[in-house]
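Read through the structure below, which is laid out as C-alpha cells, and then see the notes.
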Amino acid sequence: MLKLENISYRYPGRDSLTLKDISLSLGSGEMLLLAGRSGCGKSTLIKTISGLVSHRGSTGLSGRILLDGEDITGWPPEEIGQLAGTVYQTPDDQLFAMTVADETGFALENRGADPETVRKEVARTLAMVGLAGMEDYSIHQLSGGQRQRLALASILITSPKLLILDEPVSQMNPQGVEDFMKLLLRLNREEGIAILMIEHRVNELAGYFDRLAVMQEGRIVYDGPMEEAWSFLTGREDMGLREPQSVKLGRLLGFPRLTSDTAESIRMLRECMKETGAEAEESPDAQSFTVKNNNSPQKTSETSAKENPASEEELAGKTDDNNENDRNNENNGNGGRVILSARNLVFTYPGAKEPTLKGLDFDLRRHQITALMGFNGAGKSTLLNLLGGLTEPTAGSLELDGRKLRKELGETGYLLQESDLMLLADTVWEELRWKNRHITDNEAEALLEKLNLTVYRDDFPLALSKGQRLRVVLGAMLARKPKLLLLDEPTTGQDERSLTEIKRLLALFREEGGSVFLCTHDLELAAQVADRVILLTEGEILAEGPARRILSDENLLRRSGLLTPPVLTITKGAGLPPCVLPEEVCRHVHATAVGRD
C-alpha cells in the first residue's frame with residue numbers, strides 16, 4: 001500500500017536534513033505505530049507522504065514515495081487525498097466549516113453527491129466516531145477530543161485505503177482512546193484500511209499494534225515487532241518513548257522478559273514475590289475522599305458511606321489528614337493556604353438550554369498541584385477559561401488571594417489547550433522575554449535549558465514541532481512567575497524526556513509556593529505530580545481528594561471516562577495493596593522482603 005524509498009528532506013533555509021534516507025513499507029490492511037522524540041521528524045514524514053512538503057517544485061526532497069502502486073512523489077495534496085486520508089496533529093488546522101454536519105459532509109458534497117446521500121453518510125460516519133446526534137453543533141462547541149473525532153469523520157466519509165494519523169488521540173480521555181482504537185481496529189479488519197499512526201503514548205497504544213517503528217534524528221532506527229522493541233529500548237532513554245507500565249515494572253524488578261501483557265506481568269510479579277519472600281497484603285477498605293453524586297450530600301465511596309456515615313466536615317478532615325501520606329514522592333501538597341476559592345460556580349453558554357458548569361465548589365492551595373480529570377465535554381476547559389479570565393461565570397464567585405479574580409488576573413498564567421494561539425513573537429527567545437520584566441536574561445537562558453529548547457533559541461516558534469511549541473508557551477508562562485498556573489493538556493506532543501523536564505519544572509514551581517491546576521487525561525502523569533485530583537462529569541464534581549486515593553478507585557475512574565492503570569490491575573492480580581505507579585510496587589516488594597529478612 002505504502003512504500004518509501006530512501007526519502008530525505010531538507011526544509012528551505014535549513015542547513016541540515018530533517019529526514020535522512022528513510023525506507024519504510026506498509027502493506028494493505030497493516031497497522032504501524034511510529035514513535036520517537038519530539039522534533040525527530042515524524043510529522044515531517046507524514047507531511048511528505050501527504051504532499052504538503054513534497055509537491056511539485058519542492059527542491060528539498062529526494063527519494064520515491066509509492067502509494068497503492070503509484071509513484072506519488074511530487075503529487076499535489078488534493079490528488080494524494082483521493083487515496084490516503086490524513087488527520088493532522090492539530091485538528092483545528094483542518095476544520096473550517098461552521099457545523100459538525102457541514103465539516104463531515106464537505107468531501108461528498110464536493111464530489112457532487114446528492115443531499116440525501118450526504119445526510120445519511122454524515123449520520124453513519126458521526127455515529128461511527130462517537131459523535132452521533134451532534135450534526136447541528138458548532139465546531140467551536142466541541143472539546144479538543146471531540147474535534148479530533150470530527151477530523152477523523154471528515155476523512156472516513158471518503159472511504160480511504162490508507163489512514164495517516166498524527167497524534168489523533170492526544171486530547172481524548174482514556175475511555176475515548178479505547179473506543180477510538182477499537183474503531184480503527186474494526187476499520188482495519190473489516191474494511192482493509194491500512195493505518196499509519198504517530199503517537200508518543202506508546203504506553204497506552206502498544207496493545208493495539210503488532211509493529212512499531214522508532215525514529216531518531218530523522219532516521220528509522222527500529223522497525224519490528226512491538227514486543228521485541230522493549231529489549232531494543234533498554235538503556236535508550238534518548239529515544240523518548242513512553243513505555244507501558246508493565247514494561248517499566250519489569251525493568252525495576254528484573255523480570256526475565258519485558259512485556260506489555262498484563263496477565264504475563266501478574267505471573268512474573270508473583271514469581272518475583274516468591275523469590276524475594278515479599279508478602280501480599282490485604283487492601284485497605286477505608287476511603288477518605290469526597291464523592292458527590294446527583295446533587296446529594298457529599299459522601300465517601302458507596303461501601304464506606306453505607307457502613308460509616310459521616311458529615312461533610314468530617315470527610316473533608318479525613319481527606320486533608322491523609323493527603324500527606326498519599327504523596328508518593330515529595331509532598332508538601334497540604335501545607336499551603338488557599339490561593340483560589342470557587343463557590344457555587346455556574347456557567348451557561350449563550351443560547352444553551354443547560355449550564356455547562358453546575359454549582360462547583362472547590363479550593364486551590366499554594367504548594368499544591370491539583371489535577372482536573374474527566375470525560376471529553378465534561379466542562380474542564382470551560383472551567384479553566386473561567387479561572388483564566390477568558391469568560392465570566394454566569395453565577396457564583398471566584399477569588400484569588402481573597403480578592404475578586406478579575407482584579408488579580410496578572411497573577412495567573414494560563415496555557416490554553418490550543419497553545420499555538422498564544423505564540424506571538426518571531427523567536428523562541430523573544431517569546432520568553434516578551435513584555436516581561438520579571439525575568440533576567442540568565443534566568444531565561446536557564447529556563448530554555450530546562451525546557452530542552454536552547455538549540456531553538458533563535459527559531460521561529462511556529463516552525464517547531466507541536467511538543468516544542470507547547471513547551472515554548474509553558475516557558476513564557478513560567479517566565480512571568482505567576483502565583484497560579486493553569487495548564488490545559490500540557491503533555492500533548494511530549495516525549496518521555498520532555499515530559500520529565502515538565503514534571504520537574506512543575507515540582508519546582510510548587511516548592512516555591514506556586515499552585516498548579518492541571519487539566520489532563522494522562523493518569524500516570526497525575527499520579528506522579530498531583531497532590532489532589534478533582535473528577536468532573538457533566539459539569540459537576542464527582543469526586544475530590546488525594547491523588548492516590550482517587551486514582552486507585554476503579555469505580556470512580558470508570559465513571560469519569562478514565563481507565564484502570566495497568567499497574568493497579570497487576571497489583572490486584574498479585575494480591576498486593578492497590579498501586580498506581582510501578583515505583584510503588586517496587587517499594588512494596590522490597591520493603592516486605594527486607595521485613596522478612
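We count residues from 1, following the sequence as given. Only this structure's heavy atoms are used, side chains among them; waters, hydrogens and symmetry mates stay out.
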- Message: What I'd like to find out is whether the side chain of Leu416 reaches to under 4.5 Å of the side chain of Leu390, using heavy atoms alone.
- Response: yes
- Query: Shortest non-hydrogen contact from Met373 to Leu523?
  - Reply: CE-CA, 3.8 Å
- When you check the side-chain N and O atoms of Thr391 and Asn385, is any donor under 3.5 Å from an acceptor? no
- Report yes or no: do Thr537 and Arg559 form a side-chain donor-acceptor pair below 3.5 Å? no
- Note on the structure: Heavy-atom nearest pair, Pro461 first then Val428, reads CG-N, 3.9 Å
- Determine whether more than 12 heavy atoms belonging to other residues, nucleotides or ligands lie under 6.0 Å from atom CD of Glu430. yes
- Query: When you measure from the side chain of His200 to the backbone N and O of Gly36, does any donor-acceptor pair fall under 3.5 Å?
  - Reply: yes
- Donor-acceptor contact present, side-chain Glu524 to main-chain Leu581, <3.5 Å: no
- Task: State whether the number of non-hydrogen atoms from other residues, nucleotides or ligands found under 6.0 Å of Arg480 atom CZ is greater than 12.
- Result: yes
- Would you say the side chain of Leu563 lies within less than 4.5 Å of the side chain of Val177, judging by non-hydrogen atoms? no
- Item | Pairwise side-chain contact, Glu237 with Glu496, heavy-atom cut-off 4.5 Å (strictly under) | no
- Backbone N/O of Gly374 and side chain of His521: donor-acceptor pair under 3.5 Å: yes
- Message: Please give me the minimum heavy-atom distance between Gln245 and Pro566, naming the atom from each residue.
- Response: OE1-CD, 3.2 Å
- Task: Return yes if some donor-acceptor pair links the side-chain N/O of Asn436 with the main-chain N/O of Ala479 below 3.5 Å, else return no.
- Result: yes
- Any side chain to side chain donor-acceptor pair (under 3.5 Å) pairs touching residues 395-404, not counting sequence neighbours? Arg337-Asp401, Arg366-Asp401, Asp401-Lys483, Arg403-Glu408
- Is Asp553 paired with Arg558 through a side-chain N to carboxylate O contact shorter than 4.0 Å? no
- Rounded distance [0.5 Å steps], OG in Ser246 versus CZ in Arg251: 10.5 Å
- Message: Checking the side chain of Arg149 only, and the main-chain atoms of Gly176 only, is there a donor and an acceptor separated by less than 3.5 Å?
- Response: yes
- Query: Between Gln175 and Leu562, is there a donor-acceptor pair closer than 3.5 Å when you use the side chain of the first and the backbone of the second?
  - Reply: yes
- Any donor-acceptor pair under 3.5 Å from Lys42 side chain to Val214 backbone: no
- Which atom names give the shortest non-hydrogen contact between Leu535 and Ser560, and what distance separates them? CD1-OG, 3.3 Å
- Please determine if Arg433 and Asp441 form a salt bridge, counting it only when a charged side-chain N lies under 4.0 Å from a carboxylate O. yes
- Could you walk me through whether Leu464 and Val472 pass side-chain contact (heavy atoms from CB on, under 4.5 Å), step by step? CA-CA 9 Å; Leu464 304 179; Val472 172; 4.0 Å; yes
- Between Arg37 and Gln216, is any pair of side-chain heavy atoms under 4.5 Å apart? no
- Item | Flag side-chain contact, heavy atom, 4.5 Å: Pro482 against Phe509 | yes
- Message: To check you understand the geometry: which heavy-atom pair defines the closest contact between Thr427 and Arg457, and what is its length?
- Response: CB-O, 3.8 Å
- Message: Just checking Lys481: does its NZ atom have more than 12 heavy atoms from other residues, nucleotides or ligands closer to it than 6.0 angstrom?
- Response: yes
- Supply the atom-to-atom distance Thr412 OG1 to Leu384 CG, rounded to the nearest 0.5 angstrom. 10.5 Å
- Decide yes or no for Arg504 and Lys450: does some side-chain heavy atom of the first lie under 4.5 Å from some side-chain heavy atom of the second? no
- Task: Decide side-chain contact (heavy atoms from CB on, under 4.5 Å) for Val202 and Trp230; before the verdict, give the C-alpha distance in whole Å, the side-chain angles of both, and the deciding distance to 0.1 Å.
- Result: CA-CA 11 Å; Val202 178; Trp230 317 131; 3.7 Å; yes
- Message: Rounded to the nearest 0.5 Å, what separates atom CZ in Arg201 from atom CD1 in Ile198?
- Response: 15.0 Å
- Query: For Leu415, does its backbone N or O pair with a side-chain atom of Asp488 as donor and acceptor, under 3.5 Å?
  - Reply: no
- Query: For the atom pair CG (Leu525) and CD (Glu489), what is the distance rounded to the nearest 0.5 Å?
  - Reply: 9.5 Å
- Task: State, yes or no, whether a side-chain contact exists between Asp363 and Arg343 at a heavy-atom distance under 4.5 Å.
- Result: yes
- Message: Would you say that Leu478 contacts Ile439 through its side chain, given a criterion of any heavy-atom pair below 4.5 Å between the two side chains?
- Response: no
- Message: As a quick check of understanding, evaluate side-chain contact (heavy atoms from CB on, under 4.5 Å) for Tyr414 and Leu484, giving each step before the final call.
- Response: CA-CA 9 Å; Tyr414 182 15; Leu484 173 63; over 6 Å; no
- Query: NZ of Lys358 to CG of Leu536: how many Å apart, nearest 0.5 Å?
  - Reply: 10.0 Å
- Message: Evaluate Leu568 against Leu551 for side-chain contact (heavy atoms from CB on, under 4.5 Å), listing each step before the verdict.
- Response: CA-CA 9 Å; Leu568 187 57; Leu551 299 178; over 6 Å; no
- Under 4.0 Å between a Lys/Arg side-chain N and an Asp/Glu carboxylate O for Arg471 and Glu501? no
- Nearest 0.5 Å please: distance from the CG atom of Leu474 over to the CG atom of Leu447. 8.0 Å
- Could you tell me which non-hydrogen atom of Ala444 sits nearest to which non-hydrogen atom of Leu432, and how far apart they are? O-CD2, 4.0 Å
- Exactly one of Leu486, Leu357, Leu360 clears side chain to side chain contact (heavy atoms under 4.5 Å, CB included) with Leu386, and that residue is Leu357
- Task: Return yes if a side-chain donor-acceptor contact under 3.5 Å exists between Gln468 and Tyr456, otherwise no.
- Result: yes
- Query: Do side-chain atoms of Arg548 reach the backbone of Ala527 as a donor and acceptor pair under 3.5 angstrom?
  - Reply: no
- Item | SB check Asp531 Arg365 (cutoff 4.0 Å) | no
